[in-house]
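One structure below.
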2 protein chains.
Amino acid sequence: MTTKVEQKERTHESILESAARLVREKGIGGASVADVMKGAGLTVGGFYAHFRSKEALVDAVLRTTAERLRESLFFEVDDKPEEARIELVLKRYLSAKHRDEYEKGCPFPSVMSEVGTTAECYRGVVAEEISNMAAGLEEHLPTGGALPRKQAALALVALMVGGLGMARALRGTRLSDDVLAACRVVGARAFRG
Amino acid sequence: MTTKVEQKERTHESILESAARLVREKGIGGASVADVMKGAGLTVGGFYAHFRSKEALVDAVLRTTAERLRESLFFEVDDKPEEARIELVLKRYLSAKHRDEYEKGCPFPSVMSEVGTTAECYRGVVAEEISNMAAGLEEHLPTGGALPRKQAALALVALMVGGLGMARALRGTRLSDDVLAACRVVGARAFRG
DNA sequence: CCTTTCACATGATGAGCATCATATTATACA
DNA sequence: TGTATAATATGATGCTCATCATGTGAAAGG
């Protein structure tokens with residue numbers, strides 16, 4: 001019995017993993033259930049034994065990828081002196097590597113437009129996870145800045161997600177690197193204590 | 001003969017107008033050719049007498065809507081004292097009205113994700129128009145700031161487009177208004193001379 | 001060893017998509 | 001008035017999509 005249960009859990013996980021990759025690479029609409037299953041080494045038919053619907057799958061993808069992003073973004077940040085923390089986070093998030101390696105990075109730039117237009121059902125999850133991300137940043141913002149920390153953190157999220165999204169859309173053009181650099185510099189300057 | 005030519009021009013214009021509305025409301029993938037034509041009071045078949053392809057249509061939409069955005073964003077901004085100009089632009093762009101009236105506003109939040117993932121063919125137009133928007137902002141940034149104006153302008157575009165995109169995705173939640181306010185305040189503070 | 005169960009595959013359903021071939025209809029000009 | 005032109009409509013093409021009904025094979029538990 002354990003064998004079967006374990007096997008199912010492993011399959012479930014590998015479907016989720018494949019979806020996490022595809023959703024970040026091609027957005028929600030671009031990640032078809034068939035492709036997700038193929039990415040997991042399976043065929044379409046089995047999908048509904050693991051997820052109630054594509055919507056449930058994407059919901060799970062957003063939760064897990066957002067959490068993993070926070071982990072890697074804030075990893076060992078507290079070892080740095082207070083003034084350098086935000087700079088480190090910005091360097092990690094607004095890097096050429098993060099721009100180019102879609103499938104391992106932040107999911108928001110890949111889905112934000114869709115959630116704003118045709119995929120409104122994910123508004124709740126996105127609100128939760130954006131809120132979590134802002135809370136994470138807030139912890140690391142220097143105290144005693146000129147602005148309420150909550151406000152600063154929220155604007156920082158917008159700058160980061162907006163900047164990475166634009167840099168990805170412009171990937172290959174000269175502007176792309178410029179956008180990353182500009183957001184890094186301005187972000188660090190604006191949120192210094 | 002003139003009657004016929006004029007009629008065709010008018011139809012062309014109304015197809016473009018309908019597409020401009022739909023692309024901003026539903027994104028590129030969400031704006032089907034059939035719906036665009038219905039919005040212009042026509043049926044699918046006639047479309048290819050006016051545009052070579054859907055791609056050509058969307059290209060035209062991005063150009064015209066971006067230009068109209070710039071016009072309304074910078075309208076009479078020079079009448080204001082130098083220090084107040086950026087604040088006025090931010091107030092216009094990051095407003096609840098602009099967030100809610102998709103079909104009349106900025107096209108970028110509606111298409112940025114798609115251009116970054118599955119609609120890469122529009123990368124060139126988007127680069128051009130983002131560049132134009134940054135140049136417009138650059139003109140109105142106060143001189144003698146701590147940063148190169150080009151860099152400041154580019155980061156400002158990212159903050160604005162990112163902030164509006166997030167606010168639209170979160171529309172209806174408490175976070176949505178907070179994002180707009182945060183970006184307005186931070187933007188104004190960061191780019192004061 | 002045999003029966004039950006269930007993960008997964010096969011194949012179908014009905015919808016929506018961009019594009020196009022053909023038909024219609026109204027205007028433009030001889 | 002009649003013929004040519006071309007804008008738009010009708011209807012079809014072949015595709016992809018999410019979802020599901022049914023089949024199959026292997027493992028679980030008696």
Side-chain angles (χ1 to χ4, degrees), chain A residues 1-20 22-23 25-62 110-111 114-115 117-122, chain B residues 1-19 22-23 25-62 110-111 113-115 117-122:
Chain A
M1 163 106 172
T2 50
T3 321
K4 243 180 158 177
V5 169
E6 273 170 18
Q7 177 56 37
K8 178 154 192 192
E9 262 167 35
R10 235 171 326 184
T11 303
H12 185 95
E13 209 55 36
S14 82
I15 294 173
L16 189 57
E17 199 61 42
S18 167
L22 274 167
V23 166
E25 261 181 41
K26 310 202 186 180
I28 297 169
S32 74
V33 174
D35 280 355
V36 167
M37 292 300 277
K38 194 186 295 178
L42 301 167
T43 59
V44 229
F47 176 72
Y48 291 85
H50 293 276
F51 291 91
R52 200 163 12 88
S53 61
K54 179 177 179 181
E55 187 178 330
L57 172 70
V58 173
D59 189 279
V61 163
L62 292 177
S110 301
V111 306
E114 281 173 288
V115 175
T117 55
T118 52
E120 307 177 48
C121 54
Y122 306 108
Chain B
M1 163 104 172
T2 50
T3 321
K4 242 175 156 177
V5 168
E6 275 169 18
Q7 178 56 38
K8 176 152 193 194
E9 262 167 34
R10 234 169 325 176
T11 301
H12 185 95
E13 208 57 37
S14 81
I15 294 174
L16 189 58
E17 198 61 41
S18 167
L22 275 167
V23 166
E25 263 181 40
K26 311 201 186 182
I28 297 169
S32 74
V33 174
D35 280 355
V36 166
M37 292 302 276
K38 194 187 294 178
L42 301 166
T43 59
V44 230
F47 176 74
Y48 291 87
H50 293 276
F51 291 92
R52 201 163 11 87
S53 62
K54 179 177 179 179
E55 187 177 331
L57 173 70
V58 173
D59 189 280
V61 163
L62 292 177
S110 302
V111 307
S113 297
E114 283 172 288
V115 175
T117 56
T118 51
E120 306 178 49
C121 54
Y122 306 108

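Just so you know, these numbers come straight off a predicted model, no measurement behind them.
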Quiz item: Does a nitrogen or oxygen in the side chain of Thr11(A) sit under 4.0 Å from OP1 or OP2 of dC8(C)?
Solution: yes
Practice problem: Could you tell me the separation between the CZ atom of Arg10(B) and the P atom of dA7(D), rounded to a whole number of Å? | Solution: 14 Å
Quiz item: Rounded to the nearest 0.5 Å, how far does OG of Ser32(B) lie from NZ of Lys26(B)?
Solution: 8.0 Å
Quiz prompt | Integer-rounded Å distance: dT16(D) P and Ile28(A) CD1 | solution = 21 Å
Quiz item: Can you say whether the rings of Phe51(A) and His12(A) are parallel (under 30°), tilted (30 to 60°) or perpendicular (over 60°)?
Solution: parallel
Self-check item: Atom-pair distance (CZ on Phe51(A); P on dA7(C)), nearest Å
Solution: 13 Å
Quiz item: With respect to the phosphate group of dT19(D), does any side-chain polar atom (N or O) of Ser53(A) fall under 4.0 Å of OP1 or OP2?
Solution: no
Exercise. Can you tell me the distance, in whole Å, between the NZ atom of Lys8(B) and the P atom of dT27(C)?
Key: 17 Å
Exercise. Could you please name the option among dA18(D), dC8(C), dA18(C) that lies closest to any side-chain atom of Val33(B)?
Key: dA18(C)
Self-check item: Presence of Ser32(A) side-chain N/O under 4.0 Å of dC17(D) phosphate oxygens OP1/OP2
Solution: yes
Quiz item: What is the distance, rounded to the nearest whole Å, between atom CZ of Phe47(A) and atom P of dT10(C)?
Solution: 18 Å
Quiz item: Given atom CD of Gln7(A) and atom P of dT5(C), what is their separation to the nearest angstrom?
Solution: 21 Å
Quiz prompt | Listed nucleotide nearest any side-chain atom of Leu42(A), set dC8(C), dT19(D), dT8(D) | solution = dC8(C)
Self-check item: Close side-chain approach of Leu57(A) to Phe47(A), heavy-atom, < 4.5 Å
Solution: yes
Exercise. State which of dC8(C), dT19(D), dA9(D) makes the closest approach to the side chain of Val44(A).
Key: dT19(D)
Self-check item: Short side-chain N/O contact to dT19(D) OP1/OP2 from Tyr48(A), under 4.0 Å
Solution: yes
Quiz item: Can you tell me how far C1' of dA7(D) sits from CD of Glu6(B), to the nearest Å?
Solution: 15 Å
Self-check item: Contact check, side chains of Tyr122(A) and Leu62(A), non-hydrogen atoms, under 4.5 Å
Solution: yes
Practice problem: Using whole Å, report how far NE2 of His12(B) lies from P of dA7(D). | Solution: 12 Å
Exercise. List the steps, then state whether side chain to side chain contact (heavy atoms under 4.5 Å, CB included) holds for Ile15(A) with Met37(A).
Key: CA-CA 6 Å; Ile15(A) 294 173; Met37(A) 292 300 277; 3.8 Å; yes
